[in-house]
There are 2 protein chains.
Amino acid sequence: MKHHSAARSTCSDPDDQLLARQLAALSHPARLALLRCLGERDACCVKDLVGRVGLAQSTVSQHIRTLLDAGLVTYTPDRQASRYSLNSEALSAVAGSLDQIVQSVCSGCCGGKGRTGT
Amino acid sequence: MKHHSAARSTCSDPDDQLLARQLAALSHPARLALLRCLGERDACCVKDLVGRVGLAQSTVSQHIRTLLDAGLVTYTPDRQASRYSLNSEALSAVAGSLDQIVQSVCSGCCGGKGRTGT
DNA sequence: ATCGTTTATCGCCGATGAACGATGAAGCAT
DNA sequence: ATGCTTCATCGTTCATCGGCGATAAACGAT
């Protein structure tokens with residue numbers, strides 16, 4: 001539980017900033033594809049990923065770095081390669097946070113969900 | 001000579017594109033704040049929102065439009081004002097889609113590590 | 001030491017996003 | 001009609017993203 005200090009009306013909590021950053025990391029089809037690749041074959045090296053998403057190696061490296069910066073994947077150097085794995089906890093946390101926001105926001109708006117319809 | 005024919009799997013599912021677009025709409029603290037405002041007082045007009053997030057009116061209008069374009073809020077003209085409301089169904093759908101991806105991806109990688117109970 | 005492989009990073013570019021002020025349309029009130 | 005309020009849009013400025021090729025570092029192998 002945290003207090004909403006209403007002192008400032010700009011409701012920009014650091015929590016929201018982190019979540020926004022992580023959602024931004026997820027908001028690109030290529031990165032969703034990369035996550036799926038990592039899900040199928042955990043601990044992929046970049047070259048594997050490059051072969052599967054059809055983008056240049058530098059581009060894949062960039063996307064991976066975005067995911068890494070957001071904490072959604074982990075990095076382990078392995079010989080001359082790099083092994084990237086999913087950070088399941090972080091991923092679950094993001095999904096959970098979004099779900100919680102959606103729940104809270106929707107319950108507040110009309111006492112439940114399932115917006116009217118009638 | 002790279003084959004861009006990697007089209008078979010992960011490149012660009014229309015589903016992913018939509019989800020990515022909606023996640024992008026959610027990936028800004030100001031827009032999360034706007035959703036919260038709409039949750040507390042459904043059917044806000046822009047001026048209300050401006051007073052609560054501390055941004056210029058034009059900026060708020062822009063953010064609202066981003067949410068509207070993503071289908072996450074609905075618009076109803078009302079007198080000389082505008083009433084924006086949450087689209088609970090769409091919001092739930094986004095959260096659900098993300099959750100499903102995370103589940104599927106994580107179950108593939110290691111049999112599913114637990115959820116952080118938060 | 002030299003080569004080949006794998007990777008991260010840099011530089012570059014066009015495109016998009018974020019923020020603002022200013023302007024004009026739409027509606028209510030007088 | 002005049003004025004006031006509310007809002008969307010336009011134009012501008014600055015920063016970041018997305019994509020690529022090129023390059024250099026790290027490492028294994030020869």
Side-chain angles (χ1 to χ4, degrees), chain A residues 9-12 16-17 20-35 37-38 41 43-70 72-85, chain B residues 1-4 6-7 10-12 16-17 19-35 37-38 41 43-70 72-85:
Chain A
S9 49
T10 60
C11 335
S12 184
D16 275 6
Q17 298 213 356
R21 181 180 181 73
Q22 292 176 317
L23 289 176
L26 291 171
S27 69
H28 193 289
R31 292 194 287 266
L32 292 178
L34 288 175
L35 289 183
C37 290
L38 291 177
R41 285 224 264 273
C44 287
C45 62
V46 174
K47 194 203 174 204
D48 280 344
L49 298 171
V50 168
R52 307 185 86 187
V53 299
L55 291 173
Q57 177 264 324
S58 57
T59 306
V60 172
S61 231
Q62 277 287 111
H63 283 306
I64 282 283
R65 176 167 241 285
T66 299
L67 292 169
L68 188 64
D69 286 346
L72 302 180
V73 304
T74 64
Y75 164 74
T76 310
D78 176 26
R79 313 194 178 262
Q80 79 264 40
S82 298
R83 315 210 70 93
Y84 288 99
S85 301
Chain B
M1 50 137 52
K2 74 176 38 171
H3 289 175
H4 276 295
T10 46
C11 265
S12 40
D16 276 6
Q17 298 215 352
L19 179 59
R21 180 179 183 73
Q22 292 176 317
L23 289 176
L26 291 170
S27 67
H28 193 289
R31 291 193 288 265
L32 293 179
L34 288 176
L35 288 182
C37 291
L38 290 177
R41 282 225 264 274
C44 288
C45 64
V46 174
K47 195 205 174 202
D48 280 344
L49 299 171
V50 169
R52 307 185 87 186
V53 299
L55 291 172
Q57 176 264 322
S58 56
T59 305
V60 171
S61 232
Q62 276 288 112
H63 282 307
I64 282 283
R65 178 167 239 284
T66 299
L67 292 170
L68 189 63
D69 286 344
L72 302 179
V73 304
T74 63
Y75 164 75
T76 309
D78 175 25
R79 313 203 176 255
Q80 79 264 41
S82 297
R83 314 213 72 92
Y84 289 99
S85 301

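The analysis underlying the following values was restricted to heavy atoms, covering all of them including side chains, and did not include hydrogens, waters or symmetry mates. Naming convention: chains lettered A, B, ... in sequence-line order (proteins, then strands); numbering from 1 in each chain.
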First and last nucleotide of DNA chain C touching chain A, 5' to 3', heavy-atom cut-off 4.0 Å? C/dT6 to C/dT9
Mind checking the [atom1]-[atom2] spacing from [X] to [Y]? Nearest 0.5 Å is all I need.
{"X": "A/Leu72", "Y": "A/Thr66", "atom1": "CG", "atom2": "OG1", "result": "10.0 Å"}
{"X": "B/Lys47", "Y": "B/Arg52", "atom1": "NZ", "atom2": "CZ", "result": "13.0 Å"}
{"X": "B/Thr74", "Y": "B/Leu68", "atom1": "OG1", "atom2": "CG", "result": "8.0 Å"}
{"X": "B/His28", "Y": "B/Leu34", "atom1": "NE2", "atom2": "CG", "result": "9.5 Å"}
{"X": "B/Leu67", "Y": "B/Gln62", "atom1": "CG", "atom2": "CD", "result": "11.5 Å"}
{"X": "A/Asp16", "Y": "A/Leu23", "atom1": "CG", "atom2": "CG", "result": "9.5 Å"}

Output yes when A/Asp69 and A/Arg65 qualify as a salt bridge under the 4.0 Å nitrogen-oxygen rule, no when they do not.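 The answer is yes: the pair qualifies as a salt bridge.
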In B/S/- notation, 5' to 3', how is nucleotides 2-18 of chain D contacted by protein heavy atoms closer than 4.0 Å? ----SBBB--------S
